[in-house]
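Chain letters run A, B, ... following the sequence lines, proteins first, then strands; residues in each count from 1.
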Amino acid sequence: MKKISLDNQAASPLEPAVLEAMLPFFTEHYGNPSSGHELGNAPRKALEGARASVAGLINAEPREIIFTASASESNNLAIKGLLAANRSKGNHIISSSVEHFSVLNQLKTLEKEGFAVTLLPVDQYGLVNPVQLEQAITDKTILVSIQAANPEIGTIQPLDDLVKVAESKGVPFHTDAAAAAGWIEIDVKKTGVALLSLAGDQFYGPKGSAALYISQKTRIRPLIEGGIQERGLRAGTENVPALVGLGVAAKLASETMAQRVKAITLLRDQLKERLLENVPHLHLNGHPKQRLPHNLNLSVQFVEGEALLLRMNMAGIYVSSGSSCTSQALKSSHVLAAIGLPPELAQGSLLLSLGRQNNAEEVPYITEQLAAVADLLRRMSPLYHQYLKEVQNNA
Amino acid sequence: MKKISLDNQAASPLEPAVLEAMLPFFTEHYGNPSSGHELGNAPRKALEGARASVAGLINAEPREIIFTASASESNNLAIKGLLAANRSKGNHIISSSVEHFSVLNQLKTLEKEGFAVTLLPVDQYGLVNPVQLEQAITDKTILVSIQAANPEIGTIQPLDDLVKVAESKGVPFHTDAAAAAGWIEIDVKKTGVALLSLAGDQFYGPKGSAALYISQKTRIRPLIEGGIQERGLRAGTENVPALVGLGVAAKLASETMAQRVKAITLLRDQLKERLLENVPHLHLNGHPKQRLPHNLNLSVQFVEGEALLLRMNMAGIYVSSGSSCTSQALKSSHVLAAIGLPPELAQGSLLLSLGRQNNAEEVPYITEQLAAVADLLRRMSPLYHQYLKEVQNNA
Amino acid sequence: MPEYSDKVMDHFSNPRNIGEIGEADGMGEVGNPVCGDMMKFTIKVKDNRIEDVKYLTFGCGAAIAVSSMVSEMAKGKTLEEALKITNKQVAEELDGLPGNKLHCSNLGADALHKAIEDYMEKQGVKGENAS
Amino acid sequence: MPEYSDKVMDHFSNPRNIGEIGEADGMGEVGNPVCGDMMKFTIKVKDNRIEDVKYLTFGCGAAIAVSSMVSEMAKGKTLEEALKITNKQVAEELDGLPGNKLHCSNLGADALHKAIEDYMEKQGVKGENAS
Ligand SMILES: Cc1ncc(COP(=O)(O)O)c(C=O)c1O
Ligand SMILES: Cc1ncc(COP(=O)(O)O)c(C=O)c1O
């Protein structure tokens, strides 16, 4: 059977060049970058090369890049680290209602510790309004943290405008760019963010490879204290192979972003149109234009997401959903709730994320299978039967 | 030229079986363990297999193992996490003066935050005295953190006795077993520790693979908050390949510990004897018997460690030192200071750590080279010339 | 994938007795879209026995398998026997359900009981075992 | 390995002018084992020129290379010229030193100056340029 992954944001196969670059650092160049002898040379050089490549992806200076092991770690280091270094300056944090849990869950903890948190609402497309940000900032505000793009509905925030507002009030801005980095142009110098999180596995790099950009004027405290790796901001022996992989992935992303984005946008739009034509009662979630090029989020009305996911899986197509049953916490997507999607549509949400292994020849099969699965599940759906009755009654 | 690494504690080549087991998780099984479709199955199973193997190494239950990315992270999660969950119970922490920086540096921060910290002294061999521990515990003490073995001088602490003391006073015990795990028998059930840190790269597993044992009755708060990976105690997409490698390394260590320890102890003792016989003015640091089987720490009197290290490097032999010049922070070893070693001997310390690639045939070459290097550097050492004059004057 | 048993996957893949009985003797509904699972059971009763049972289900794999299993378990049983079917038994018949699915998706027996109670009420007979 | 230049590694590997002049005209010592570096310079002076210079050094690669370089730079210079040699010049002559080595290991010029001052004191001539 054909196997088609449309869940590339959850995981995607490495670029072959990435794995190839990593392998020698498991074997010949296994040394510790901190070593004072020859065995430390190749890993240390490779690490600094990777740092320069990551910096290049977002137009930062190499010394502004701190390596971590996940976007979650970067987000925790950014927020907790900045607050720890700026305790005396205020106690108010502004974020948005569509952030990833690695931002939202720390904010809950910080609230218990006495911080005041404002979560800005979003519009029906998932956009934060710069005017609302401006109104929310007080003289106690010490941090604004708003994502660059939403991993679920794909919506890209007006980052430049948002940062400008925060900057005009002198408040440092963190952006969780885990979903965005590698897929949209980011220029930290132009944008003026203080902190930016990114993760290699979102652009064909390895798991366990991530980074935090910390602008030169920004002071933070480490989360993991110990040795003076990463300028003392993140202790622990560096995971050289993973970080080498991150470097190569960042370099490839920088060099080929335009082509990648063009190709995948074309494919995504083709898939979207075919699906909307052939499967009735589909709803597009997120912004129609300002969205990640590889992301498509649809609600399949009248059916539940896990059943959809399992049925698609039986057809060899791997997708994801924002339904309660597919979330490990058994809660339906807070993002879909934040854009005001009715619960029924949230439960039937389908996240399709494309990757380098997808191609146009797959589109007909995907379309045919989703149409069949939606039909099959609808035929056993009480909501669909109710809908049909209402249509009949109105006719 | 021959290349001999005697710096295996800093980094050692993976067991071939470890890398082999990891590779499929970069390619075919690249999925995200949290995925609700087929692509999540193999990585999820592999992760749970690895958890069971790590648990097996220390006689824990799989659910008591939380994966992290470094021993430093495990130590920070253990200490900060336990304190965050037990704030109301007291503010006193006891540790030792020979801990790794990933323990000591957090304690410094915690002191600034209002915690009281007692660092127990050690004797000339690096041993903590259980009686001194008992005397240090007050009704405000909420944590004792003492390493299982010291990575630098190799000394193995009397862990059972130390834990017994803490247990009798109802104080939870964390042990940093990063240097010890895989090399000495550890049974968390028998010992009764609440928390234990270990790292895969210390027993032929990959960098970026580590774990924290958290006994079932112990409550901690996460350091990295977000998704509910690792039971909500460590958010972030799991680094599946690295953790699979950790699992295999743990399994191999469990299964072959007796043979490994026997062989490497033999080799280490042979090296030690040959060096002591052939190089004058060598001093053994650490405990003569209760020490890690692969660790040898010597002070080469009258010469400085970095010069030694560079000269040995020129001979293709890779070693490490506790001298100021070889430390990134430019401070000579706090461990050597804690055992009362005079500064001159600390500056000339040489850490030789053996690994699976070393063998008895290397011993003569190492001996010959160290003898030559020590001689060469002594001939230009003002301390050695002074010593010679004193000998002459006394004759 | 959720750790579903082969039996769950069988019932999910080939659900039995799907549908809605046109002139049902009893109807029972549980759940709502907010929690993610909804089940509507309809039954046909003859001589105090469940002659036919059908359901419509909006929900996850577990919810669909549970509905299917309940319909099989109920068919042919007397009303008293059918009222004794518990959610726990249903899960056991399915060789277990993942822990987190036990609470929210395992509502099939409840829906069946509601359908039976509905029938009984219509008959003017309030069942002794009604929960 | 520390980021040592080729020149540093050359002087470290083949240090010039090692030793102690038996009947030295001047002697200067800096550093101690606690900080990790110690240098002892001895000089022979003739006609106000450094005719010979030797050193003993306990220290890291940088300290040894610095000592060696200073000895080469000083040899043949007048005392006044030699007193003008700075630690910075020495580092430059070595094509630079790693940042963290600039402070603690780069003491060769100081030791040389001390030896010259020692000579001058012995001569009863306190040098104008002494620091
Ligand atoms: C006892 C001990 N603790 C902690 C660490 C820190 O390990 P890492 O650098 O992998 O975080 C080490 C490193 O060797 C160690 O030996
Ligand atoms: C925007 C965003 N932030 C954070 C994360 C967390 O990433 P990780 O699980 O690698 O820590 C993700 C994951 O997809 C994400 O999309």
Under 3.5 Å: donor-acceptor pair, side chain of C:K40, backbone of A:S381: no
A:R379 (side chain) donor-acceptor with C:G19 (main chain) under 3.5 angstrom: no
Atom NZ of C:K114 with >12 non-hydrogen neighbours under 6.0 angstrom: no
More than 12 heavy atoms from other groups under 6.0 Å of NZ on A:K331: no
Approximate separation, where rounding is to 0.5 Å, of A:L310 CG and C:S13 OG: 8.5 Å
Chain C-proximal positions within residues 340-347 of chain A [heavy-atom distance under 4.5 Å]: A:P343, A:E344, A:Q347
Cation-pi, C:F58 ring and A:R378 (6.0 angstrom, 45 degrees): no
Considering all heavy atoms, the nearest A:R311-C:P15 contact: NH2-CD, 3.9 Å
Inter-residue atom distance A:L377.CG - C:I64.CD1, 0.5 Å rounding: 5.5 Å
Proximity breakdown for C:A62 and chain A, heavy-atom pairs closer than 4.5 Å: backbone
Rounded distance [0.5 Å steps], CD1 in C:I18 versus CG in A:L376: 6.5 Å
Nearest atoms (heavy-atom pairs only) where C:G59 meets A:A307: O-CB, 3.3 Å
Whether over 12 other heavy atoms sit under 6.0 Å from C:K7 NZ: yes
Spacing of C:L56 atom CG and A:M380 atom CE [to the nearest 0.5 Å]: 9.5 Å
Gap separating the CG atom of C:D37 from the SG atom of A:C325, nearest 0.5 angstrom: 4.5 Å
A:Y384, part contacting chain C, at a heavy-atom distance under 4.5 Å: neither
Interchain contact, A:S323 with chain C, by part (heavy-atom threshold 4.5 Å): neither
Greater than 12 external heavy atoms within 6.0 Å of C:D6's CG: no
